[in-house]
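To find a chain, count down the sequence lines: A is the first, B the second, and so on, and within it residues start at 1. Heavy-atom basis, side chains included; hydrogens, waters and symmetry copies ignored.
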Number of protein chains: 2
Amino acid sequence: MGTEDRKQRERQAREQLFIDKAHELIRTDGLLALQMSKLASACEYATGTLYQHFASKEDLLAAVATRTTIQHAERFRRLPELPLGTRSQMLAIVLTDLDFAAANPDHYRLMQYLLTEAVWAQISQERREALLTAAQPISDAVSGVVERAREKGDLPVAREISAEEMGLGPWALNQGMQSLANARGLLEAYDIGQPLDHLLRHFHALMTGWRWEPRVDPDEPSVVRAESERVRAVLQEAFQ
Amino acid sequence: MGTEDRKQRERQAREQLFIDKAHELIRTDGLLALQMSKLASACEYATGTLYQHFASKEDLLAAVATRTTIQHAERFRRLPELPLGTRSQMLAIVLTDLDFAAANPDHYRLMQYLLTEAVWAQISQERREALLTAAQPISDAVSGVVERAREKGDLPVAREISAEEMGLGPWALNQGMQSLANARGLLEAYDIGQPLDHLLRHFHALMTGWRWEPRVDPDEPSVVRAESERVRAVLQEAFQ
DNA sequence: AACAATCCATGAATTCGGTTCACAAACCGT
DNA sequence: ACGGTTTGTGAACCGAATTCATGGATTGTT
């Protein structure tokens, strides 16, 4: 039935419009200022129409986060092809994430908000799964690099730890640093600047601690910086 | 003026009552369920009275978090006296934090919520500072251990990184793992269990990567477990 | 002790914004 | 063209945070 298809497409397009506009409004006015009625009228629809697409405001926010996550995840798909050793590929993941966070400062904040238990509970099962699924390629990329590193002998296979659990280390380090960096005033209060530069050094310490070869010494900032530059150049090259 | 003093004390006591009761209500019914009017009547006061103490609900929550943080911070004060090497003292910090998080599952969630930009903005300057100040001893404990380790030669002094910035690594790792562990369904979706056990292994990898002596090999779970047991025993001994 | 002035607890009223729903318009097949 | 159904509308609803006019308690004064 052709008409059915068209309606489905139109519905889809409208949902996209809502999500894009919401993202835009969040970018300009902040998460706090987003109001369902304002969003609706900005899209030239009635408030009720929003609720034909999203079960709640949190649900809408989850949809926004999902969309952004899908775009983000896209960058990881071609990672294994890069002309980089496994350890540098892992660094490439962290750098990609870092750059993405810098370009989308709201995204981490939004994710942090959504993953708060109180908020998470307000999101429909369906959207929660969609969000997790969207993030899957990122997790897969991490596990994939770990597996390849183990196969190639770059990374000793430690007992009782899966590739996913290995990847949890850099993931948590990254996540934690983003949270801390985003909490306005927190790190400043402790005289800590440039948290994200330090993230890279701690990342190398972590990798070296697991004996992931070839080692990069976290002690020497210039070495760490040079390796980041090298990997960034490869990423730049590969992705236009 | 004695009467003034008494009134101050009573006011203080009432504020404490509000904070304690709020903490209790959060423990039993969850953060989501906390209502200002319910809290007020649970304390046998009118709603408006709450607002003589707290500028907003977020302000109240910050006060709850501050109180808990002060209790938590207390545990770090006597840390330098412990009969442990510097690296084990650092582990002691992580373990203390871990145990505290296990005993106060709401605290991390509450902190995560409060540090969300949207929420943070709702808290009065005063309370924000109080919360940061309350956490200061923890940060001091971390920096202190790093400094002592450097002095004793357990930890090489890396270039361009302060003691605070060194401590940022384990802090971020810890924080990130807590966030991930708290996001219901997130780690399960990626087949990761026991995230906090893995935290300890990654912690040792990080420390070893910075060449903090004496090394503990993250590869061997039994070694990691044994070291945790040893340090836990010392903590147990010291703090009754 | 009586009185005025001040303070401050009270809880009903206000406000705000997310969510619902009765109605109407648009759409569909006959 | 017409009945039936689906979909969009936005005013009304509702819950919960916050405010504020009120009155009772407390303090200071004569």
Engineer: Can any side-chain N or O of B:S56 pair as donor or acceptor with the backbone N or O of B:D59 at less than 3.5 Å?
Structural biologist: yes
Engineer: For A:R27, give me all partners under side-chain contact (heavy atoms from CB on, under 4.5 Å), at least two apart in sequence or on another chain.
Structural biologist: A:H23, A:N104, A:D106
Engineer: Collect all protein-nucleotide pairs involving nucleotides 12-14 of chain D in which both atoms are nitrogen or oxygen and the distance is under 3.5 Å.
Structural biologist:
none

Engineer: State which residues pass side-chain contact (heavy atoms from CB on, under 4.5 Å) with A:S143; sequence neighbours excluded, sorted by chain then number.
Structural biologist: A:S139, A:A163, A:E164
Engineer: Send over the distance from B:K38 NZ to D:dA17 C1', rounded to a whole Å.
Structural biologist: 13 Å
Engineer: Determine, for A:R9 against A:E15, whether the closest basic-nitrogen to carboxylate-oxygen distance falls under 4.0 angstrom.
Structural biologist: no
Engineer: Between B:K38 and B:D29, does any side-chain N to carboxylate O distance fall below 4.0 Å?
Structural biologist: no
Engineer: Send over the distance from B:L39 CG to D:dT18 C1', rounded to a whole Å.
Structural biologist: 14 Å
Engineer: Would you confirm whether B:Y190, through its side chain, and A:L132, through its main-chain N or O, come within 3.5 Å as a donor-acceptor pair?
Structural biologist: yes
Engineer: By the definition side chain to side chain donor-acceptor pair (under 3.5 Å), identify the one residue from A:Q16, A:Q12, A:R14 that meets it with A:H53.
Structural biologist: A:R14
Engineer: Between P on D:dT27 and CD on B:Q8, what's the gap in Å once rounded to a whole number?
Structural biologist: 13 Å
Engineer: Compute whether any side-chain donor of one residue and acceptor of the other, for B:T49 and B:Q52, lie under 3.5 angstrom apart.
Structural biologist: no
Engineer: Provide, to the nearest angstrom, the distance between the OH atom belonging to B:Y51 and the P atom belonging to D:dA17.
Structural biologist: 6 Å
Engineer: Rounded to whole Å, please give me the gap between CD in B:E58 and P in D:dA17.
Structural biologist: 9 Å
Engineer: Heavy atoms within less than 4.0 Å of DNA chain C: which residues of residues 17-37 of chain A have one? Give them sorted by number.
Structural biologist: A:L34, A:Q35, A:M36
Engineer: Charged N to carboxylate O below 4.0 Å: is that the case for B:E81 and B:R78?
Structural biologist: yes
Engineer: Pairs in or reaching into residues 90-113 of chain A: which pass ring pair (Phe, Tyr, Trp, His ring centres under 6.0 Å), with residues at least two apart or in two chains?
Structural biologist: A:H72-A:F100, A:F100-A:H107
Engineer: Between P on D:dG8 and CD on A:E15, what's the gap in Å once rounded to a whole number?
Structural biologist: 12 Å
Engineer: Reading nucleotides 8-15 of chain C from the 5' end, what letters show protein touch, with B for base, S for backbone sugar-phosphate only, - for no heavy atom under 4.0 Å?
Structural biologist: SBBB----
Engineer: Does the side chain of B:T68 come under 3.5 Å of the side chain of B:Q71 through a donor N or O and an acceptor N or O?
Structural biologist: no
Engineer: To the nearest Å, give me how far apart CG (B:D59) and C1' (D:dT18) are.
Structural biologist: 13 Å
